[in-house]
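As structure tokens, the structure follows; a few thoughts come after it.
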Amino acid sequence: MSSSSSSSFPNHQWLYDVFLNFRGEDTRSKFVSHLHASLSNAGINTFVDYQLDKGTELESELLQAIEDSHISIVVFSKTYTESSWCLNELEKIMKCRRNYGQIVVPIFYDVDPSVVRHQKGAYGNALRSTAEKRYSAGEAFEYVLSRWRIALTEASNLSGWDLTNCRNENELMQQIVEDVLTKIQNTFLSITEYPVGLESRVEQVIQFIEKQSSKVSMIGIWGMGGSGKTTTAKAIYNRIHRKFVDRSFIENVREVSEKDNRGIIHLQEQLLSDVLKTKERIHNIAFGPNLIENRLKGKRALVVLDDVTTSEQLKALCGNPKLFGSGSVLIVTTRDVRLLNLLSADYVCTMTEMDKKESLELFSWHAFRRPIPSADFDKLSKNVVAYSGGLPLALEVLGSYLYERTEQEWKGVLSKLGRIPNDQVQEKLRISYDGLEDDTEKDIFLDICCFFIGKDISYVTEILNGCGLYANIGIPVLIERSLVKVGKNNKLGMHDLLRDMGREIVRESSARVPGKRSRLWFRGDVLDVLTTNTGTKTVEGLVLKSQSTGEVCFSADSFKEMKKLRLLQLDHVDLTGDFGYLSKEVRWLHWQGYTGDYMPGEFYQGNLVVVDLRYSYIKRVWKETMLMDKLKILNLSHSKYLEITPDFSKLPNLEKLIMKDCPSLSKIHHSIGDLKNVLLINLKDCTGLRNLPRKIYQLKSLKTFILSGCSKIDKLEEDIVQMESLTTLVATNTGVKQVPFSIVRSKSIVYISLCGFEGSSRNVFPSLIRSWMAPTMNSLLYISPFGSVSLSLASLVFESDNSGYLSPNPSSLSKLGRFWVHYRLYFQVTQELRTFLDDLYNVNFTVLEDTSHESQSSSYSLRSLLMKMSSCHGKINNTLGESISQTMSGELSKVHNKCILQEISEKQVNHRIDSHLREFGWTLMKTMKASHLSNVLGRLKILNKYYLQ
């Protein structure tokens, strides 16, 4: 069955999965209660209003619940229209459908859909009567009656469930639950915000697949760039993927394959991991096809390969698709129809241009945020659509550019479009580029086109801000104009047509002389410029990646004339000669595989914002560190010979320090404590590092600290609590055996992974405290959960039950000003301490002899007992006695079988008790072996020092 979709509306945060709207007298005891139970059992978060005495006005909480629900299920019954409450809810539901894209599913319980749709007979009379009860005849009456009629008609026209012909209600319940699960599943791929014209193409492909259910279906989606191939493939995947246990969607095959030598291997690993649900490793691209074939043979799978450009990619990922099991589906999107012929595709979906109606609707969504143009712009809109040639990307880009523009600006754009032939798509797209308001936005766009596609947006923003381009403002503008997009993991991207358009702008500025272009990225052009020394001051960016196994070498004086060079990437490229020829304007230095022992001093680096020397051979970064107050990111990862870090006092504004996998690194300069702005330090797998300078704990700005794999680091200092901004601490596989006690005082930590404890701090901290208080499982105290009881009260009361467990008494929580523990018997406390003393120190502590049990116990306070322990000459360990006395002294008094453990004001509780511990509850000791008492009390003292200070 089909239903309304929310895909064309902005993202809305749903609090509930389902809201149930029903007439209680008709359906509550049977159908609705059954439906509610079925939905809840399936894990579907359902809001049901079981209020019996409903009035006429909806409460604000109920209105909010409707808005916060992803799906509304409306149960129509015979007397539904007799309830103004139900009708008002329905009106609100239909409003949410229009405004937020809420999905509405009608269920016709004991009434025919046509009766609801047209409000016939008694049903319509009841509706009119309900309106009359609320409003007397007049405008108000007619108005509310009209609103209710519209809501009833709209809702009953939607696809839903008719129970009048239902024979098995249980089967129907299961179908409804499955339908709801399909609608709320988060395994769907994100597709375009405005899927105009998509449904018909998708439906054609799915119908073909369903006819081929007994064999492997090989589907091709072919068309030019920007025609919607990927969007169509994602929509098909979303429609059928839940029918397959084994499935994989491999996106951007071409882009990933061209990134590096392991690109296609990564895709092979992803395919196996997706289908087999395990982490798979492939070490050689040649082994991949056989492994895929052997592991996936006979499986019924759904596999989508997006943007395949070569037969080698196809063979590496799916050399023999017929080996899949019956009912499998392979979908390939490509610009080259020859690949589909090689694949012997059963069905090819050819992406044709959109027709005028669909084009106008898609354009209108982007230009006006509605499906039709504004009346004043109707003719202008149709002219723009005519020039677009039906290409979805062009419609999206031009529509976004014209959004909220004046009529005069529209005419100016149309004037430009009139001079551009319809088949010149790149030139059409350039209109958006030409419309950028200043040169900095154009420079940002061209830099991304040539150098930064696939790079993290924050990383690129830092670099371009350092170039004075105000990227934190410019990049959002480019995103708004649909010139740049942000994909998964915050990586920058753009459509191939837009990328090619930007690169063509650069190329055509000096078509015959590459050295006079502003940006050089094409390998042949870069080699020509460096070999012939024809670079000029026009060059602002240059990238050269060696494609051979050996290093490529050039003379540094090839850069002599490139005075304005600000972006430089050299991968496995050597330079010889005077490095002073390199531009002083360089902001981004990405020199992977640099072979020197250190960076040459004659190269001026004072303007650098990012230094990336991954996989280099350096032993130290600089022979003598110069002041680099603009440097924000320093990445030295995988530098196998790096022995020592630089002097950080010369890098005052460093924000990210990344030194993963530097096994020779043995020392971190003590000046690291001078970094006042550092946000990230990553020392993962620095296996030679033995300790951390004490000053590192002074980094108050640090948010993420990673030490995983630093196997020789065996201690983290209690000073770590000084890192007041630390949110993430990851230190797995280190030599650290003890979590610093002070860590639980941190108010900032969100995630921690250390000493076998891993997860959110709200879960880890209570476990830590239990481990400190109870060295063995025999010493643990079980306390029943507090549920929703707030621990922001001044004190808590625990009472002993017959089973020996302590449990909270919530009824007295709000009245107490002190924290009491009612122990089972005071006698048992003294007896256990006596046993502890006798067994551990072989002392006959006769003063504790109790002959009359409870009657005598009151004459000896627990404090008295502890003081006696501390004064026992030589035989009682003084440290233990002092520890116990100092921990408990002043807090214990004789109150028969009650012991006051600690007096804490409400203000102190609010400030001192960590929110994580408030939710979990206090962990206390009940009974334990004598041999553990010393350990526990000592740890209580430490907790008192580090947690309750």
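Worth saying up front: this structure is predicted, and the values here are computed from it rather than measured. The analysis underlying the following values was restricted to heavy atoms, covering all of them including side chains, and did not include hydrogens, waters or symmetry mates.
- Evaluation of the salt bridge (charged side-chain N to carboxylate O under 4.0 Å, His left out) test over residues 626-638, restricted to residues two or more places apart or in two chains, returns E462-K632, K632-E655.
- Counting only distance, with no hydrogens or angles, the side chain of N341 and the backbone of S344 share no donor-acceptor pair below 3.5 Å.
- Annotation: ring pair (Phe, Tyr, Trp, His ring centres under 6.0 Å) contacts of Y581 (sequence neighbours excluded): none.
- Using a 4.5 Å cut-off on side-chain heavy atoms (C-beta onward), R620 and I644 make contact.
- Contact of the I250 side chain with the V304 side chain is not registered, since no non-hydrogen atoms from C-beta on lie closer than 4.5 Å.
- The heavy-atom pair separating C449 from G502 by the smallest distance is SG-CA, 3.9 Å.
- Aromatic ring centres of W588 and F452 lie closer together than 6.0 Å.
- Looking at residues two or more places apart in sequence or on another chain, you find a ring pair (Phe, Tyr, Trp, His ring centres under 6.0 Å) between Y615 and H638.
- Looking at I672 and I681, their side chains come closer than 4.5 Å, going by heavy atoms from C-beta outward.
- Under the 3.5 Å distance criterion, with hydrogens and angles disregarded, a donor-acceptor pair is assigned to the side chains of T595 and D574.
- Salt bridge R254/D307: present, at least one basic N to carboxylate O contact under 4.0 Å.
- Annotation for K650: atom NZ counts as buried by contact number, over 12 foreign heavy atoms lying within 6.0 Å.
- Closest of all the heavy-atom pairs between S637 and C662 is CA-SG, 4.3 Å.
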**Request:** Just do the side-chain contact (heavy atoms from CB on, under 4.5 Å) check on L478 and I444 with the steps written out, would you?
**Result:** CA-CA 9 Å; L478 298 180; I444 292 170; 3.6 Å; yes

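- The side-chain heavy atoms of L657 and I633, taken from C-beta on, include no pair separated by under 4.5 Å.
- In terms of the salt bridge (charged side-chain N to carboxylate O under 4.0 Å, His left out) criterion, residue partners of R587 (sequence neighbours excluded) are, by chain and number, E585.
- When atom types are taken as modelled, the side chain of T645 and the backbone of H669 share a donor-acceptor pair closer than 3.5 angstrom.
- Qualifying ring pair (Phe, Tyr, Trp, His ring centres under 6.0 Å) partners for F559, counting only residues two or more places apart in sequence or in other chains: none.
- Partners of D306 according to the salt bridge (charged side-chain N to carboxylate O under 4.0 Å, His left out) rule, which considers only residues two or more places apart in sequence or in another chain, do not exist here.
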**Asked** Under the salt bridge (Lys or Arg N to Asp or Glu O under 4.0 Å) criterion, do D525 and R517 qualify, and how do the steps go?
**Response** CA-CA 10 Å; D525 292 337; R517 298 174 192 159; 2.9 Å; yes

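- Within the 3.5 Å criterion, the main-chain N or O of R281 finds no donor-acceptor partner in the side chain of E269.
- More than 12 heavy atoms of other shown residues, nucleotides or ligands fall within 6.0 angstrom of atom NZ in K442.
- A distance-only check finds no donor-acceptor pair linking the side chain of R519 to the backbone of L542 [under 3.5 Å].
- Here E396 pairs with K485 under the salt bridge (charged side-chain N to carboxylate O under 4.0 Å, His left out) rule; sequence neighbours left out.
- Considering all non-hydrogen atoms of both residues, Y594 and P600 come closest at OH-CD, 3.3 Å.
- Listed by first and then second residue, the salt bridge (charged side-chain N to carboxylate O under 4.0 Å, His left out) pairs that reach into residues 592-603 come to none, sequence neighbours excluded.
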**Asked** Do I618 and L613 pass the side-chain contact (heavy atoms from CB on, under 4.5 Å) test, and can you show the C-alpha distance, the side-chain angles, and the key distance before you say yes or no?
**Response** CA-CA 9 Å; I618 57 171; L613 298 176; 4.1 Å; yes

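- Between the CD1 atom in I265 and the CD1 atom in I285 there is a gap of 5.5 Å [rounded to 0.5 Å].
- Under the 4.5 Å side-chain criterion, counting only non-hydrogen atoms from C-beta, I658 is not in contact with R614.
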**Message:** If you apply the rule side-chain contact (heavy atoms from CB on, under 4.5 Å), what do you find for C318 with L330, and how did you get there?
**Reply:** CA-CA 9 Å; C318 198; L330 172 66; 3.7 Å; yes

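- Judged by distance alone, with hydrogens and angles left aside, the side-chain atoms of D456 form a donor-acceptor pair with the main-chain N or O of Y459 at under 3.5 Å.
- Environment of NZ in K560: sparse, with no more than 12 heavy atoms of neighbouring residues, nucleotides or ligands closer than 6.0 Å.
- Taking the ring pair (Phe, Tyr, Trp, His ring centres under 6.0 Å) definition, one finds that F445 meets it with Y433, sequence neighbours left out.
- With sequence neighbours excluded, the residues that form a side-chain contact (heavy atoms from CB on, under 4.5 Å) with K516 are S510, V513, T536.
- A donor-acceptor contact closer than 3.5 angstrom is absent between the side chains of T625 and D647.
- Between the N489 side chain and the K491 main chain, no donor and acceptor come within less than 3.5 Å of each other.
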**Request:** Could you walk me through whether H590 and D571 pass the side-chain hydrogen bond (donor to acceptor under 3.5 Å, both in side chains) test, one step at a time?
**Result:** CA-CA 8 Å; H590 183 290; D571 286 358; 3.2 Å; yes

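- Legend: residues meeting salt bridge (charged side-chain N to carboxylate O under 4.0 Å, His left out) with K640, ordered by chain and number and at least two apart, are D661.
- Under the 4.0 Å criterion applied to side-chain N and carboxylate O atoms, D447 and R566 are assigned as salt-bridge partners.
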**Criterion side-chain hydrogen bond (donor to acceptor under 3.5 Å, both in side chains) on Q569 and W591, from CA distance to verdict** = CA-CA 6 Å; Q569 178 179 353; W591 202 337; over 6 Å; no

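- Residue pairs meeting the salt bridge (charged side-chain N to carboxylate O under 4.0 Å, His left out) criterion with at least one partner in residues 223-234, sequence neighbours excluded, are K234-E251.
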**Message:** Using side-chain contact (heavy atoms from CB on, under 4.5 Å), reason through E441 and Y470 one step at a time and then give a plain yes or no.
**Reply:** CA-CA 8 Å; E441 292 172 358; Y470 306 101; over 6 Å; no

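- Closest approach of G220 to A345, counting heavy atoms only: N-CB, 4.3 Å.
- Looking at heavy atoms from C-beta onward, Y604 lies out of side-chain contact with V586 at the 4.5 angstrom threshold.
- Ionic pairing of K315 and E312 is not present here: no N-O contact between side-chain nitrogen and carboxylate oxygen is shorter than 4.0 angstrom.
- In this structure, the side chain of W222 engages the main chain of R335 through a donor-acceptor pair within 3.5 Å.
- With hydrogens and angles ignored, the 3.5 Å screen pairs a side-chain donor or acceptor of S509 with a backbone N or O of V506.
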**Request:** In sequence, state the C-alpha distance, the side-chain angles, and the governing distance for R503 and E508, and then conclude on salt bridge (Lys or Arg N to Asp or Glu O under 4.0 Å).
**Result:** CA-CA 9 Å; R503 292 182 175 183; E508 68 183 10; over 6 Å; no

**Prompt:** Yes or no on side-chain hydrogen bond (donor to acceptor under 3.5 Å, both in side chains) for S639 and S616, after CA distance, side-chain angles and deciding distance?
**Reply:** CA-CA 5 Å; S639 297; S616 67; 2.9 Å; yes

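- Although no hydrogens or angles enter the test, the distance criterion places a donor-acceptor pair under 3.5 Å between the side chain of S558 and the main chain of S555.
- Side chain of T334 to main chain of V308: a donor-acceptor pair is present (N/O by atom type, distance under 3.5 Å, no hydrogens or angles).
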